[in-house]
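See structure below.
Sequence lines set the chain letters: A, B, ... in the order given, protein chains first and strands last, and positions in each chain run from 1.
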Amino acid sequence: MTVRDILADSVLAALADLEVEPLPTAVALERPARPEHGDWSSNVAMTSAKAAGRSPRELAAALAERLSAHPPPHVAAVEVAGPGFVNFRLRQSWLQEALCEVVREGTEGYARHDEGKGERVQLEFVSANPTGPLHVGNGWLCSYGDALGRILFRCGWSVSREYYVNDTGGQIRRLGESLLARRRGADVPEEGYQGEYVSELARAYDGPDDVGAAGRWAAGRILDNIRSTLEGLDIVFDEWFSQASIEESGAVEETVALLRDTDLVYEADGATWLRSTAVGDSRDRVLVKSDGEFTYLAGDLAYHRDKFLVRGFDRVIDIFGADHHGQVASLLAGVEALGVGPGRLEVELGQMVSLAEGKMSKRSGNFVSMDELVADIGPDATRLLSLMNSIDQATTVDLELIRRQSMENPVYYVQYAHARIASIDRVRAERGIERLPIDRVDLGLLAHARELDVLRSLSELPDVVLVACRERAPHKVTTWVRELAKHFHGFYHDCYVMGQEVGEELTQARLWLVEGARIGLAVALGLLGVSAPESM
RNA sequence: GCCCCUGUAGCUCAGUGGAUAGAGCGGCUGCCUUCUAAGCAGCGGGUCGCAGGUUCGAAUCCUGCCGGGGGCACCA
């Protein structure tokens with residue numbers, strides 16, 4: 001039972017004793033920013049003042065009195081402050097308890113949750129067209145998708161990562177045309193792909209002079225390249241789902257036929273329309289063009305029907321760039337029309353990523369590839385950099401700045417903390433110091449402000465992971481791990497673990513604190529997909 | 001015109017409706033005889049775009065306005 005639960009329960013019990021009707025369904029408990037406001041704080045007296053028929057200060061005072069009379073475990077004092085906050089001052093024992101939990105659960109178990117209860121969630125991300133290498137614009141979100149997958153997994157979901165391969169249609173045809181043009185030594189068509197990589201592929205191509213064959217061949221080669229780029233970032237997909245396969249299987253026809261049965265489909269102007277306005281879209285959408293061809297939407301709906309109704313995922317999260325914003329409403333509407341309950345499909349839109357030098361475009365060949373970026377600054381810096389801020393924030397990647405600042409990239413700050421920990425352990429072994437079992441160590445000796453900062457940080461990780469999961473916000477883990485690293489560096493600087501003037505008992509206690517910090521760093525870096533080096 | 005993001009320190013950004021809004025970078029100044037100085041500490045820096053509203057309490061929620069980015073095909 002966590003301290004928060006203990007406090008919440010005792011507050012509820014106290015409210016019941018005070019005959020507050022109705023009791024709140026949950027008691028908000030937070031960690032005040034300022035130390036003088038205690039270790040934990042609740043606003044419950046303000047939110048329940050009306051129900052109690054008393055002023056917030058009065059209710060808070062009554063609560064504080066009751067809670068002080070029979071203090072819950074770890075509680076040293078209960079105080080009323082400000083407009084009616086109930087502030088809990090805890091004994092340091094709660095932080096020592098928290099450290100024990102970290103150590104007991106370890107890297108495997110700490111900050112793990114069962115919120116997903118094993119439900120199957122599919123994450124679709126990247127899904128960049130195989131018409132050119134993965135560039136910084138469409139690759140930036142790949143760390144987000146992968147980290148979100150890791151976080152969902154830690155919170156109890158069964159996670160499947162999927163890349164939707166757009167291996168059909170006009171873009172592949174244009175790729176084929178561009179390839180053949182290059183092979184002939186001619187200029188690529190105006191709408192074609194101008195990049196140097198097309199010339200390289202053309203030199204390697206010895207297939208037939210057929211646009212379709214050439215396009216498919218090139219797309220296959222490019223996809224291999226994208227796959228290896230992603231693997232270099234430790235991103236591995238469970239499924240590479242081919243758009244062509246869904247078209248060839250007849251699933252698109254089936255899906256449209258299903259929709260025709262729903263009265264959400266009508267014919268007009270020689271085309272077949274989805275009445276998506278009936279389910280929240282701003283306009284109706286075409287499913288079958290007047291020339292008999294299916295639209296992209298029809299294929300996309302067939303694909304999503306496959307996800308939900310064929311493969312049976314409980315939940316699907318599509319991660320798109322903001323330039324796909326226009327297709328979200330119709331996709332959601334179409335999926336609902338297929339009878340998939342609301343909320344099972346989620347679309348996360350990442351705002352634009354651009355280069356300081358200008359716009360990126362595959363067609364013009366003007367882009368910086370992920371391979372170049374990774375070669376420049378390494379996979380760890382690449383991942384952490386792209387997981388620093390919310391995906392709601394448009395990002396401008398300034399390569400010049402990144403190269404110049406690569407040594408002061410926050411990733412090193414965090415990894416350095418882990419390397420220092422490993423170093424402490426090496427020295428410990430060299431000096432033949434044994435770490436005693438934690439239950440034989442007096443953790444009460446950990447009372448230095450720097451030590452308490454580290455412990456407090458560690459105790460917050462489970463909450464941080466859960467919030468990051470619920471809000472689909474991996475960057476919260478990044479924020480946390482930087483915070484922990486900051487506290488660890490402070491501790492490292494001020495608190496020698498094995499110095500001569502440090503007593504053996506304190507050394508033992510600090511060794512366990514260091515172990516706790518190691519676990520916290522390892523868990524968080526693992527969720528972000530950043531390595532935790534033993535030395536730097 | 002409609003839809004989605006966004007506006008917080010010189011710059012890049014954090015900030016689950018809480019109390020005196022934070023960090024990194026850049027600038028200046030200190031700290032290596034101990035386990036890694038890729039570190040620590042200090043100084044300076046703010047009308048949280050503007051105006052209303054909801055609330056005991058708003059950077060956070062609602063409305064309007066202004067600025068920035070993106071999207072609004074019988075393209076994919």
Side-chain angles (χ1 to χ4, degrees), chain A residues 28 30 32-34 36-37 41 43 45-47 49-50 55-57 81-85 87 129 166 168-172 243 268-273 281-283 285-297 299-300 321-329 349-352 354 388-396 398 401 405 407-417 419-428 430-431 450 463-464 466-467 470-471 473 475-476 478-480 482-483 485-486 488-502 510 514 535-536:
Chain A
E30 58 170 23
R34 312 184 68 80
E36 61 266 33
H37 296 142
S41 174
N43 62 2
M46 291 176 282
T47 53
K50 257 186 199 127
S55 79
R57 290 274 316 191
F85 289 102
N87 293 340
N129 290 342
N166 190 335
T168 177
Q171 312 211 45
I172 299 299
Q243 184 180 347
D269 305 328
T272 305
W273 295 71
D281 202 353
S282 60
R283 47 164 299 175
R285 310 285 171 168
V286 172
L287 290 170
V288 187
K289 301 187 236 173
S290 49
D291 65 4
E293 293 275 313
F294 292 111
T295 58
Y296 179 82
L297 174 63
D300 213 13
D323 51 337
H324 289 75
H325 173 81
Q327 70 200 54
V328 174
L349 284 185
Q351 294 304 307
M352 287 290 290
S354 49
M388 291 268 290
N389 39 9
S390 156
I391 60 162
D392 290 338
Q393 193 82 28
T395 305
T396 303
D398 188 334
L401 198 69
Q405 294 189 342
M407 283 314 277
E408 58 208 33
N409 187 302
V411 75
Y412 300 114
Y413 183 79
V414 176
Q415 290 183 319
Y416 189 48
R420 278 180 149 178
I421 288 172
S423 167
I424 288 173
D425 201 54
R426 282 192 296 272
V427 171
R428 181 193 61 74
E430 276 165 30
R431 297 189 189 169
R450 301 291 211 169
D463 273 2
V464 167
L466 197 56
V467 169
R470 288 178 178 158
E471 296 181 8
H475 76 278
K476 299 208 173 206
T478 310
T479 305
W480 178 86
R482 294 176 68 191
E483 188 78 12
K486 178 191 175 67
F488 181 79
H489 285 307
F491 160 80
Y492 184 92
H493 186 265
D494 286 1
C495 305
Y496 283 101
V497 176
M498 294 168 290
Q500 281 176 340
E501 63 287 353
V502 182
R510 284 181 173 167
V514 169
S535 67
M536 287 174 69

For this session: Heavy atoms under 4.0 Å is the rule here; annotate nucleotides 10-21 of chain B 5' to 3' with B where the base is hit, S where only the sugar-phosphate is, and - elsewhere.
Result: ---SSSB-BBB-
For this session: List for me each residue that meets side-chain contact (heavy atoms from CB on, under 4.5 Å) alongside A:A33, sequence neighbours excluded, and say none if there are none.
Result: none
For this session: Could you tell me which residues satisfy salt bridge (Lys or Arg N to Asp or Glu O under 4.0 Å) with A:R57, sequence neighbours excluded, listed by chain and number?
Result: none
For this session: Please list, chain by chain and in numerical order, all residues satisfying side-chain contact (heavy atoms from CB on, under 4.5 Å) with A:I172, sequence neighbours excluded.
Result: A:P130, A:T131, A:A219
Exercise. When we call it a touch if two heavy atoms are under 4.0 Å apart, what does A:R57 touch: a base, just sugar-phosphate, or nothing?
Worked result: nothing
Seminar exercise, completed: Residues at least two apart in sequence or cross-chain that pass side-chain contact (heavy atoms from CB on, under 4.5 Å) with A:T47, listed by chain then number, are A:N43, A:V44
For this session: Give the dot-bracket string for RNA chain B, reading 5' to 3', where a pair is Watson-Crick or G-U wobble with both distances under 3.5 Å, ( ) marks pairs inside the strand, [ ] marks pairs crossing earlier ones, | marks a partner on another strand, and . marks unpaired.
Result: (((((((..((((....[...)))).(((((.......))))).....(((((..]....))))))))))))....
Review item, nucleotides 74-76 of chain B N/O atoms under 3.5 Å of protein N/O:
unit_1 : atom_1 : unit_2 : atom_2 : d
B:C74  : OP2    : A:R283 : NH2    : 3.0
B:C74  : O2     : A:S290 : N      : 2.7
B:C74  : O2     : A:S290 : OG     : 2.9
B:C74  : N3     : A:S290 : OG     : 3.2
B:C74  : N4     : A:D269 : O      : 2.9
B:C75  : OP2    : A:K289 : NZ     : 2.5
B:A76  : OP2    : A:Y296 : N      : 3.2
B:A76  : O2'    : A:N166 : ND2    : 2.8
B:A76  : O2'    : A:Q171 : NE2    : 2.7
B:A76  : N1     : A:Q327 : OE1    : 3.3

Exercise. NA contact type, A:R470, heavy-atom cut-off 4.0 Å: base, sugar-phosphate, or nothing?
Worked result: nothing
For this session: Check the distance between B:G39's C1' and A:H493's NE2 and give it to me in whole angstrom.
Result: 7 Å
Exercise. Rounding to the closest angstrom, what is the interatomic distance between B:A14 and B:C25 at atom C1'?
Worked result: 14 Å
Seminar exercise, completed: Residue pairs meeting side-chain hydrogen bond (donor to acceptor under 3.5 Å, both in side chains), one or both in residues 488-500 of chain A, sequence neighbours left out, come to A:R420-A:H489, A:R450-A:D494
Exercise. If you look only at pairs with a residue in residues 285-294 of chain A, which of them pass as a salt bridge (charged side-chain N to carboxylate O under 4.0 Å, His left out), with sequence neighbours excluded?
Worked result: A:D281-A:R285
Exercise. Quick one: does A:F488's side chain get under 4.5 Å of A:V414's, heavy atoms only?
Worked result: no
Problem set entry | First encountered from the 5' end of RNA chain B, between A:A485 and A:L349 | A:L349
Pairs: protein N or O with nucleotides 23-28 of chain B N or O, under 3.5 Å:
unit_1 : atom_1 : unit_2 : atom_2 : d
B:C25  : O3'    : A:E408 : OE2    : 3.1
B:C25  : O2'    : A:Q405 : NE2    : 3.2
B:G26  : OP1    : A:E408 : OE2    : 3.4

Exercise. Whole Å only: how far is the CZ atom of A:F491 from the P atom of B:U34?
Worked result: 17 Å
Exercise. Using a cut-off of less than 4.0 Å, is there contact between a side-chain N or O of A:R420 and OP1 or OP2 of B:A37?
Worked result: yes
Problem set entry | Between B:C3 (P) and A:H325 (NE2): distance, integer Å | 10 Å
Seminar exercise, completed: Hits for side-chain contact (heavy atoms from CB on, under 4.5 Å) against A:E483, two or more places apart or cross-chain, chain-then-number order -> A:S457, A:H487
Exercise. Does the side chain of A:Y296 come within less than 4.5 Å of A:N166's, by heavy atoms?
Worked result: yes
Problem set entry | Nearest-neighbour nucleotide for the A:D392 side chain, B:U6, B:C56, B:C35 considered | B:U6
For this session: Taking salt bridge (Lys or Arg N to Asp or Glu O under 4.0 Å) as the test, write out the residues that go with A:R510, two or more places apart.
Result: A:E451
Exercise. What interatomic distance, in whole Å, is found between P of B:G39 and the corresponding atom of B:G26?
Worked result: 10 Å
Exercise. Once you round it to whole Å, what is the distance between P of B:G69 and CE of A:M352?
Worked result: 11 Å
